[in-house]
Amino acid sequence: MQTRANVYYFLRKGAGFMIALFGLLGTGVGILAILDPAGSKMSDDSDPFGTPPSLLESVARTLFYLLITGFGIWLLSYKSKRDLNPTNPPPE
C-alpha cells in the first residue's frame, strides 16, 4: 500500500503545480488586461478592433484566476493524515 500512497502523493503535487502555474499565467494576463484593455483586445484574433473588456470583467477574470492559483497552492501544501503519520513518512 505504500506504493499507492506514493502515487497519490506525486499526483497531488504534480496537479497542484500545474494548476498553480496555469492560475499564475492567467493572473498575469488578467493584470495586463486591467492595465491595458485595448492592448488585450488586440490579441483577440477573431475581433481585434472590437470593444475592449470592461474593468469589471477584467477584475472578475483576474480574481477567478487568483482562486485557481490558490487551489493549486493548497494542493501543493496539503498534508493528509497519512503524510503526517511518522510511521509512514511521505517520499522526499
Side-chain angles (χ1 to χ4, degrees):
M1 288 304 181
Q2 180 66 20
T3 304
R4 182 179 291 176
N6 289 345
V7 170
Y8 290 147
Y9 179 82
F10 286 116
L11 282 176
R12 186 176 67 236
K13 295 296 182 183
F17 179 75
M18 295 303 290
I19 291 171
L21 189 65
F22 173 75
L24 284 174
L25 181 66
T27 301
V29 170
I31 290 172
L32 283 176
I34 291 170
L35 296 176
D36 184 19
S40 67
K41 184 61 181 174
M42 290 297 289
S43 64
D44 182 7
D45 289 336
S46 64
D47 188 17
F49 299 108
T51 306
S54 67
L55 180 62
L56 180 64
E57 182 182 347
S58 297
V59 168
R61 188 172 292 155
T62 304
L63 289 176
F64 176 73
Y65 282 119
L66 281 173
L67 282 173
I68 291 175
T69 303
F71 178 68
I73 291 171
W74 177 78
L75 279 177
L76 283 171
S77 64
Y78 176 75
K79 300 282 186 199
S80 69
K81 290 179 183 178
R82 181 170 292 197
D83 294 343
L84 297 175
N85 186 358
T87 61
N88 187 14
E92 294 296 328

Quiz prompt | Cluster link Ile73 to Ile68, ILVMFWY, side chain under 4.5 Å | solution = no

Practice problem: Considering non-hydrogen atoms only, spot the tightest contact between Leu75 and Ile19 and give its length. | Solution: CD1-CD1, 4.0 Å

Quiz item: Shared ILVMFWY cluster between Leu11 and Leu21, side chains joined below 4.5 angstrom?
Solution: no

Quiz item: Any chain of hydrophobic side-chain contacts (each under 4.5 Å) joining Leu55 to Leu63?
Solution: yes

Exercise. Mind telling me whether Tyr78 and Trp74 have parallel, tilted or perpendicular rings, with 30° and 60° as the class edges?
Key: tilted

Quiz prompt | From CA spacing to verdict: side-chain contact (heavy atoms from CB on, under 4.5 Å), Ser58, Ile34 | solution = CA-CA 6 Å; Ser58 297; Ile34 291 170; 3.7 Å; yes

Quiz item: Does some side-chain heavy atom of Leu76 sit less than 4.5 Å from a side-chain heavy atom of Lys13?
Solution: yes

Quiz item: How far apart are the closest heavy atoms of Pro53 and Lys41, and which atoms are they?
Solution: CD-CB, 4.4 Å

Quiz item: Which atom names give the shortest non-hydrogen contact between Pro52 and Pro37, and what distance separates them?
Solution: CB-O, 3.5 Å

Quiz item: If you round to the nearest 0.5 Å, how far is CZ of Arg61 from CG of Leu66?
Solution: 13.5 Å

Practice problem: Check the pair Phe71 / Leu67 against side-chain contact (heavy atoms from CB on, under 4.5 Å), numbers first and verdict last. | Solution: CA-CA 6 Å; Phe71 178 68; Leu67 282 173; over 6 Å; no

